[in-house]
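Okay, structure first, notes after.
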Amino acid sequence: MRHLLSAADLDHQSAVRLLDRAAQLSVVSDRAVKKLPTLRGRTIANLFFEDSTRTRLSFEAAAKRLSADVITFTAKGSSVSKGESLKDTALTLEAMGAEVIVVRHGASGAAYRLAHSDWISASVVNAGDGTHEHPTQALLDAYTIRAHLRDGLGDLTDLRIVIVGDVLHSRVARSNVLLLSTLGATVTLVAPPTLVPVGVSSWPCAVTYDFDEALADADAVMMLRVQAERMSAAYFPSVHEYSRSYGLTDRRARLLSEHAIVLHPGPMNRGMEISADVADSPRSVVVDQVANGVSVRMAVLYEVFGARAEISPEGISHV
Ligand code: CP
């Protein structure tokens, strides 16, 4: 895997292999010394044009746990304010030795542009491009669902997963629909009509506006953040109205099966798409998602670096 740009880059076999690799590498995070020598001497650049807490820090932790050197760029405080382009910024990072560039950008398609340009020869991992895709988020979500509902083994065949909220602006939703369906799950989107993207009928999922009904037989419910910063119009009458119709309230959580889990990619708008009590309840796996993100990104970096040059088996063969 030279690049990871979309969840559609992964077929069933490669997706399960990545989840298995992440499970193998997860033991490193439980050790006193959280480090393997696997990527010693290799360099990764985090190129973040949009804000991030979880994704940027977990790529950094993942790279460090594999002993890679990490260069981190954030647009704020950089020469982007002087007009420097994506191309020149990427060339600058590659000149500093970056073999893999992890990019987050506000423009849909930015990661693809970087990977398929003749600007750089580095591999590109998409850490979120506009409203398009966020494939490593989908991988960590699939990993978390598999860990809780499948004892960490195999795929997600026949699991019923409901994704709820601001689908229109959500790169997380698009990547999850692609990856979860590849892994055999049945996916249903729930959203107000104003927040359903044009063309959703071609996605491998069902769509409904009835949240209560969708909850009844769900194995996992993934709440999406309402992305106010991407909204240029009024998509719903008020926060109260949104929460009443599409929020995972305490009343709605009681409709779930006993075994059902609740996910959220973060950051959460508590009291809007999810109540504080549900976010902190035993069925919430939000904190697990963050922890699993490090293992999943270790697995992605391992695969991407491995496609560029042979990785020493030192370290990884002992986990
Ligand atoms: N889930 C997610 O992408 O979070 P951050 O924006 O904090 O990276």
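Hydrogens, waters and symmetry mates are skipped; everything else that's a heavy atom, side chains included, is used. By convention here, the first residue in the shown sequence is residue 1. Both ligands and their constituent atoms are indexed starting at 1 by order of listing. The shown structure was predicted, so the numbers you read here are calculated from the model rather than taken from an experiment.
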> Is there a path from Val290 to Val172 through hydrophobic residues (I, L, V, M, F, W, Y) whose side chains come within less than 4.5 Å of each other?
Replying inline: no
> By the rule that ILVMFWY residues connect when side-chain heavy atoms come within less than 4.5 angstrom, directly or transitively, which residues belong alongside Ile71?
Replying inline: Leu5, Leu47, Phe49, Phe73, Val80, Leu86, Leu91, Leu93, Met96, Ile101, Val103, Tyr112, Leu114, Trp119, Ile120, Val124
> Judged by non-hydrogen atoms, does Arg104 sit under 4.0 Å from ligand 1?
Replying inline: yes
Should you measure from each heavy atom of [X], which atoms of ligand 1 turn up under 4.0 Å away?
X      : value
Gly266 : 1 (N), 2 (C), 4 (O)
Thr53  : 5 (P), 7 (O), 8 (O)
Gln137 : 1 (N), 2 (C)

Under 3.5 Å, which donor-acceptor pairs do the side chains of residues 187-204 form with other protein atoms, sequence neighbours left out?
from, atom 1, to, atom 2, distance (Å)
Thr194, OG1, Tyr235, O, 2.6
Ser202, OG, Gly199, O, 2.8

>> If you apply the rule side chain to side chain contact (heavy atoms under 4.5 Å, CB included), what do you find for Leu39 with Arg65, and how did you get there?
In response: CA-CA 9 Å; Leu39 296 182; Arg65 282 181 197 179; over 6 Å; no
>> Nearest 0.5 Å, please: how far is CG in Leu183 from CG in Leu178?
In response: 11.0 Å
>> Suppose we measure from atom 4 (O) of ligand 1 to each protein heavy atom; which comes out shortest, and what is that distance?
In response: Arg54 NE, 3.1 Å
> Which residue and non-hydrogen atom of the protein lie closest to atom 2 (C) of ligand 1, and at what distance in Å?
Replying inline: Thr55 OG1, 3.5 Å
>> Please report whether ligand 1 has a polar contact with Pro265, defined as an N or O pair separated by less than 3.5 Å (distance criterion only).
In response: yes
>> Working note: Thr131 + Leu168, criterion side chain to side chain contact (heavy atoms under 4.5 Å, CB included); need CA distance, chi angles, decisive distance, verdict.
In response: CA-CA 8 Å; Thr131 59; Leu168 181 65; over 6 Å; no
